[in-house]
Amino acid sequence: MPSKSEKSKGTKRKKGNDSSIDESQNGNNSSLLNSILGAAHNVLYGTSTHSNEQQLTASPTPPAMMSTVTMSTSTPISATRPGTIDPDDDIRRQIASTNVKLDEILVRLAKLDVIEAKLSALDNSVTSLNVRVNVVEVKTTELEKSVDFISDTVEEAKSALDTVKSVGNAVNETKAAIQDIKSMKKVQVDSQRHERTIETMCKSMDTLRKQNRELEEQITDLRWRSMKNNLIITGLPGENRGEDTEQTVRAFLDCEMGIKNVAIGNKHRFGRFNRGKPRPIVIRFLFAHDREMVLRNRYKLRGSPFSVREQFPVEMEDRRRKLFPVADQMRDRGHHVKIVRDKLFVDGELYDPSDDDEPELDDREEEEFLDADDGMGATIDTSMNLR
């Protein structure tokens, strides 16, 4: 049996061995913990997994420590003696805490793998997006060039449009000028047509005037023919309301001219009544020879206040009055003159009057002219029916 001193020595030796074992285990645990914490720190804060594996490899866990860790996870912690502090409990608690932290680290590492995959996918997406952005930039550049080209084209088109507008304005002005020329030509054509129309109208007017003159001549001739058997006697007194004109005329013919038994038709005074001067009397003879007989004997009225002359229409009377002065002048020059109705014949040729301003004769001067030849009224040829 060992003695107490040997037991105490053995106990002390055993305690010394246990303390050395504990110190070596504590050192190993501390180095393992530091390695794990460094690897976790490197994983959490950006050091690559390869470096962490190198660190873990560089500080391998001692077999005694691994057995201790295994024992701590699988073997229950032995009871310590009451009143004493077991250093293994602290280590086990630290290992348990480290295991929890390692589990958390592993979970986080798994999450980091997912995040890394997502970051890789995101990197790929960003790369693809960058490619697309580059393509978009290229297309944008091309589009800008296209826009610039289109802008230049639009400007050129605007310039061309302005040119076209100016050309259009010039064309419109030219059209307007052409229209004006056409209008002028049309006006000229219309003017020419109007001139032709006016010329035609003038010719028609001339024709109408000529026809009118012919009609007037015909009417005058008809009126003269209706007056052919008429004579006008002037100067016969006795005009009153109850006057017997036929008796006055027959007394005049019998007393002044010695003519009886003539056939008288209509007879009456005419003209405006003038007190103190008797109006002339117009007589229509039923037979032409009675009228001719009175004309042949009118020379007997020379020196008396009476006169006898033919009746003509007003137009013929006007023309005859213009011919009397001309006839006097021609007779004074020694020409043989004869007035037939409203025509003057000089030496047997028809006279064409060119001067209408010759002085006119009154009725008395006309009678003196008619009686100036031979007293037989040879200057009046009633047998000629000139038109």
Side-chain angles (χ1 to χ4, degrees), residues 146-228 272 310-330 333 335 337-362 365-366 381 384-387:
S146 300
V147 169
D148 293 336
F149 176 75
I150 292 172
S151 299
D152 295 337
T153 305
V154 169
E155 293 297 329
E156 293 177 358
K158 287 182 179 179
S159 179
L161 182 61
D162 294 336
T163 304
V164 170
K165 287 182 179 179
S166 61
V167 172
N169 294 330
V171 169
N172 292 331
E173 292 177 358
T174 305
K175 287 182 179 179
I178 293 173
Q179 191 66 29
D180 293 338
I181 292 173
K182 288 182 179 179
S183 300
M184 292 177 64
K185 288 183 178 179
K186 184 177 179 181
V187 170
Q188 186 177 3
V189 171
D190 293 340
S191 178
Q192 292 176 355
R193 185 172 65 252
H194 291 160
E195 288 178 358
R196 290 194 295 269
T197 304
I198 292 172
E199 184 177 357
T200 304
M201 292 178 65
C202 290
K203 291 181 180 179
S204 301
M205 290 287 292
D206 294 337
T207 304
L208 290 174
R209 290 192 186 97
K210 183 178 180 180
Q211 292 176 354
N212 188 35
R213 285 194 297 269
E214 291 177 355
L215 289 174
E216 288 178 353
E217 292 294 334
Q218 291 177 3
I219 293 172
T220 301
D221 183 72
L222 291 174
R223 292 177 63 191
W224 172 77
R225 289 180 183 278
S226 68
M227 298 175 181
K228 187 174 181 180
R272 181 178 296 179
E310 296 176 281
Q311 185 182 21
F312 295 97
V314 177
E315 295 81 5
M316 285 188 177
E317 288 287 353
D318 293 338
R319 290 193 287 267
R320 284 168 62 85
R321 283 192 178 92
K322 294 178 181 180
L323 293 176
F324 290 143
V326 178
D328 282 338
Q329 292 178 2
M330 294 298 176
R333 295 174 185 174
H335 296 284
V337 298
K338 182 185 293 186
I339 295 179
V340 180
R341 293 169 58 187
D342 57 348
K343 304 291 188 297
L344 173 64
F345 293 88
V346 180
D347 296 331
E349 295 182 359
L350 180 64
Y351 173 76
D352 184 14
S354 58
D355 188 3
D356 294 334
D357 295 332
E358 296 292 338
E360 297 181 358
L361 300 178
D362 56 15
E365 291 174 339
E366 180 181 353
D381 187 358
M384 297 178 65
N385 295 326
L386 300 177
R387 291 182 181 272

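Since the model is a prediction, treat every value here as computed from it, not as a measurement.
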Rounded distance [0.5 Å steps], CG in D221 versus OG in S226
9.5 Å

Nearest 0.5 Å, please: how far is CD in E199 from OG1 in T197?
10.0 Å

Criterion salt bridge (charged side-chain N to carboxylate O under 4.0 Å, His left out) against D206, the qualifying member of R209, K203, K210
R209

Let me confirm one number: the CZ-CE distance from R321 to M316, rounded to the nearest 0.5 Å.
14.0 Å

Around atom CD of E349, are there more than 12 heavy atoms of other residues, nucleotides or ligands at under 6.0 Å?
no

side-chain contact (heavy atoms from CB on, under 4.5 Å), that's the test. Do R319 and T220 meet it? Break it down for me.
CA-CA 12 Å; R319 290 193 287 267; T220 301; 4.3 Å; yes

With a 4.5 Å cut-off on side-chain heavy atoms, are I339 and F324 touching?
yes

Can you tell me how far apart CG (D342) and CH2 (W224) are? Round to the nearest 0.5 Å.
10.0 Å

Looking at side-chain heavy atoms only, is the closest gap between K158 and T163 below 4.5 Å?
no

Is the closest side-chain heavy-atom distance between Y351 and V326 below 4.5 Å?
yes

Backbone N/O of K165 and side chain of N169: donor-acceptor pair under 3.5 Å
yes

Are V337 and F345 side-chain neighbours, meaning at least one heavy-atom pair lies under 4.5 Å?
no

Apply side-chain contact (heavy atoms from CB on, under 4.5 Å) to I219 and E216, showing your working.
CA-CA 5 Å; I219 293 172; E216 288 178 353; 5.6 Å; no

Should Q192 and Q188 count as side-chain neighbours, where that means a heavy-atom distance under 4.5 Å?
yes

Atom pair CE (M227) and CD (E310), whose distance is rounded to the nearest 0.5 Å
12.0 Å

When you compare the side chain of E195 with that of S191, does any pair of heavy atoms fall below 4.5 Å?
yes

Could you measure the distance from the CD atom of E315 to the CD atom of E217? Nearest 0.5 Å is fine.
8.5 Å

Exam field: side chain N172 to backbone G168, donor-acceptor pair closer than 3.5 Å:
yes

